[in-house]
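Remarks on the structure that follows.
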Amino acid sequence: MADENQFVKEITPMDEDFSQWYIDTILKAEMADYSTVRGCIVFRPYGYAIWENMQHLLDKRFKETGHKNAYFPLFIPESLLQKEAEHVEGFAPEVAWVTHGGSDELAERLAVRPTSETIICSMYSKWIKSWRDLPVLINQWANVVRWEKSTRPFLRTSEFLWQEGHTAHRTEEDAEEETLKMLEVYRDFVETELAIPVIKGRKTENEKFAGALRTYTIEALMKDGKALQAGTSHNLGQHFARVFDIQFLDTDGQLKYVWQTSWGVSTRLIGALIMTHGDNRGLKLPPRVAPIQAIIIPIPGQDSESVYARAKKLAGSLKDRYRVELDMSDEKTPGWKFNEYEMKGVPLRIEIGPRDVKNNQVVLVRRDTGEKMIVSQDDLSTKIGELLEDIQRNMFAQAKTFVEKNTSVAKSFDEFQNAIESKRGFVKANWCGSSECELAIKEKTMATIRCIPFEDNEPDGECVHCGGKASKKVIFARSY
RNA sequence: CGGGGCGUAGCGCAGUUGGUAGCGCGCGUGGUUUGGGACCAUGAGGCCGUGGGUUCAAGUCCCGCCGCCCCGACCA
């Protein structure tokens, strides 16, 4: 929009080139930078702080649901990685290998973990002997490496940060319950803290995790109309238990294999945050995870001393309750700072100038709506709390509306192609359940089944592709 | 792995028929400013990605190599 562009420089408008907008925003907001290593980015302090906030909020949820953190090695011996056939096949093309220690060639190559199922399972087989040892509920915060052919900051990089939960259970029901429980933890986290609406559902056979029995997902919709998988939770069944020999003696005296799950979210969520909320001025961060929730900008005027003094006092009084920063730098003008912090997505700006000092007030400006208001310094703290809550709420509501507006229903394949081509977004359609139709649709339209949603999945017509009997109504989209 | 693009100051770029490197921003210093990206003065900053070739002379022409980015296929 024209008036949105008025203040911003050096960020390509979204509708001109969305990819470029995304990159510009990341670099200009100093979230990340390209490194000297191909496909690897540096998380700069501002970007890393968002990840830390996410970690904190998620970790709390993991602990509340009974999980404990641990840490497993970065390296996985080749023989371990190869034990589960489907798993190796899925990951082999993108594994980075360590072949030498110093100048000596290793007897066995070591994979730099692309995911940790195998190394963790090898330990679980040692630790689990009795039904009394179950469930095992472990999470790991780690980096993983996948040698990707094409990369993109936060969304797909050769090395990325994530958490991976790995649990082992006594029964199939327990494992399924855990899988769904963690999916719900993700949904709640992403919607509540990141203000990103998602659709919960199950992945098709084609789209499921290599080695899993069933894969569940939460799918988000970005502003360019492409879907992004925001989190996954897998019921691994007994696939890994059998190849890694994780057995326990049950109450009935029988030796049984455990039922396992794994689940993860990654720094890709930062990308989701950018592309769900951002606009032509740059980032727009939800208050719950914003590194700076409110920025105080003094406007010095004639009597700069009293303005600075008051600004410092305000900052001091707000620091305990909010992530507040005061920008006292003298070499930038207030106008420059306004733009800078808007670009960085700071939810709330607090301006204080000579007029405000005199009237015991401040000027507050919301990043989400641009609304300006004059507030007394006396009840500033309370007011900020209310506003941050309201901004969080409003950002979720706006994103929700966007998803609704960009979700369509296709009754015929013509309608389907047209929707994917012109409107993008989520397209709901009936599906016969065959892999052939799924792949043919992908071939023709580049759209994939994002998930079989938990809600509203009853077919109400024939398969959108083959015209045969539909088994489910599913959600299609082009995706990242 | 296919298609495209780019390597010249920290960043973004210009560099004509080959003649020894320039602009904007940023950065340093001094001053004036400051309610939506201020201004003046004055400075610093270069193995022109890399190796070879042609030439009296190469940022520029030729050949090779390396790197990165973007768009696809594959994947979180």
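The chains referred to below are lettered A, B, ... by the order of the sequence lines, with proteins before strands, and numbering in each begins at 1.
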Which part of the nucleic acid, if any, lies within reach of Tyr480(A) when heavy atoms closer than 4.0 Å are counted: base, sugar-phosphate only, or nothing?
base
Asn339(A) atom CG is separated from rU34(B) atom P, nearest whole Å, by 18 Å
Applying the 3.5 Å cut-off to both distances, the Watson-Crick or G-U partner of rG37(B) turns out to be none
When rounded to whole Å, the OH to P distance for the pair Tyr308(A) and rG35(B) reads 12 Å
- Task: Determine the interatomic distance between C1' on rC23(B) and the same-named atom on rA9(B); round to the nearest Å.
- Result: 12 Å
Exercise. Go through the side-chain N and O atoms of Ser19(A) and Arg152(A) and say whether any donor and acceptor fall under 3.5 Å apart.
Key: yes
Query raised in the report: Looking for any heavy atom pair under 4.0 Å, which part of the strands does Glu148(A) touch: base, sugar-phosphate only, or nothing?
Result: base
If you look at every strand shown and take non-hydrogen atoms under 4.0 Å, does Ser19(A) touch a base, only sugar-phosphate, or nothing? sugar-phosphate
Would you please say whether a donor-acceptor pair under 3.5 Å links the side chains of Gln361(A) and Ser376(A)?
-> no
* With no hydrogens and no angle check, do the side chains of Asn143(A) and Arg113(A) hold a donor and an acceptor under 3.5 Å apart? -> yes
Q) When we call it a touch if two heavy atoms are under 4.0 Å apart, what does Gly271(A) touch: a base, just sugar-phosphate, or nothing? A) nothing
Across all chains, not counting sequence neighbours, the ring pair (Phe, Tyr, Trp, His ring centres under 6.0 Å) partners of His67(A) are Trp263(A)
In Watson-Crick or G-U wobble terms, with both distances under 3.5 Å, the base opposite rU50(B) is rG64(B)
| field | Same-atom distance (P) from rC68(B) to rC62(B), integer angstrom | value | 25 Å
Verify whether one side chain among Glu164(A) and Ser116(A) offers a donor that lies under 3.5 Å from an acceptor in the other.
yes
Do the side-chain N or O atoms of Lys442(A) get closer than 4.0 angstrom to the phosphate oxygens (OP1, OP2) of rC74(B)?
yes
Comparing nearest nucleotides in RNA chain B, the 5'-proximal residue of the pair Ser266(A), Ile23(A) is Ile23(A)
Side-chain contact check for Pro334(A): nearest option of rU34(B), rC69(B), rG36(B) is rU34(B)
- Message: Once you apply a heavy-atom cut-off of 4.0 Å, does Glu340(A) come out as touching a base, just sugar-phosphate, or nothing?
- Response: base
Note: contacts of residues 157-167 of chain A with RNA chain B (heavy atom, under 4.0 Å) are Thr157(A), Phe160(A)
inquiry  = Can you confirm whether Glu89(A) is buried at CD, in the sense that more than 12 heavy atoms of other residues, nucleotides or ligands lie under 6.0 Å from that atom?
reply    = no
| Thr333(A) side chain N/O closer than 4.0 Å to the phosphate oxygens (OP1, OP2) of rU34(B)? | no
Closest to the side chain of Ile299(A), out of rG72(B), rU34(B), rG36(B), is rU34(B)
Look at Lys344(A) together with Glu30(A) and state whether they make a salt bridge at an N to O cut-off of under 4.0 Å.
-> yes
Partner of rC75(B) under the Watson-Crick or G-U wobble criteria, both distances under 3.5 Å, comes out as none
Checklist line | Integer angstrom distance from the C1' of rC56(B) to that of rG18(B) | finding: 12 Å
What I want to check is whether the side chains of Gln20(A) and Asp24(A) have a donor and an acceptor closer together than 3.5 Å.
yes
Pair of N/O donor and acceptor under 3.5 Å linking rC75(B) base with Arg146(A) side chain: no
Under 3.5 Å, is there a donor on one side chain and an acceptor on the other for Asn235(A) and Tyr216(A)?
no
- [ ] Please measure how far the P atom in rG59(B) lies from the corresponding atom in rG19(B), and state the result in whole Å.
- [x] 9 Å
Ordered by number, residues from residues 345-375 of chain A within less than 4.0 Å of RNA chain B (heavy atoms) are Arg349(A), Glu351(A), Gly353(A), Pro354(A), Arg355(A), Asp356(A), Val363(A), Lys372(A)
OG of Ser479(A) to CZ of Phe426(A), rounded to nearest 0.5 Å, is 10.0 Å
Per atom distances to the Glu94(A) side chain, the nearest of rG72(B), rC75(B), rC68(B) is rC75(B)
To the nearest angstrom, the OH-C1' distance between Tyr34(A) and rC69(B) comes to 7 Å
Going by atom type alone, with no hydrogens or angles, which donor-acceptor pairs under 3.5 Å involve a side-chain atom of residues 193-200 of chain A and a protein atom two or more places apart or on another chain?
unit_1    : atom_1 : unit_2    : atom_2 : d
Glu193(A) : OE1    : Arg288(A) : NH1    : 2.9
Glu193(A) : OE2    : Arg61(A)  : NH1    : 3.1
Glu193(A) : OE2    : Arg61(A)  : NH2    : 2.9
Lys200(A) : NZ     : Glu184(A) : OE1    : 2.7

- Does Asp356(A) pair with Arg310(A) as a salt bridge, N-O distance under 4.0 Å? no
_Under 4.0 Å, heavy atoms only, any strand: does Thr151(A) hit a base, just the sugar-phosphate, or nothing?_
sugar-phosphate
Quick note, Arg281(A) side chain, CB onward, closest among rC27(B), rC69(B), rG36(B) is rG36(B)
>> Taking the C1' atom in each of rA57(B) and rG4(B), what is the distance between them to the nearest angstrom?
In response: 35 Å
Heavy-atom side-chain proximity of Asp303(A) to Glu305(A) below 4.5 angstrom:
yes
Between rG36(B) and rA41(B), how far apart are the P atoms? Round to whole Å, please. 25 Å
Which of rC68(B), rC70(B), rU33(B) is nearest the side chain of Asp330(A)? It is rU33(B)
Residues 213-231 of chain A vs salt bridge (charged side-chain N to carboxylate O under 4.0 Å, His left out), sequence neighbours excluded, gives Glu176(A)-Arg214(A), Lys203(A)-Glu219(A), Glu219(A)-Arg450(A)
Protein-proximity profile, nucleotides 3-9 of chain B, B/S/- by nucleotide at the 4.0 Å heavy-atom cutoff, equals -------
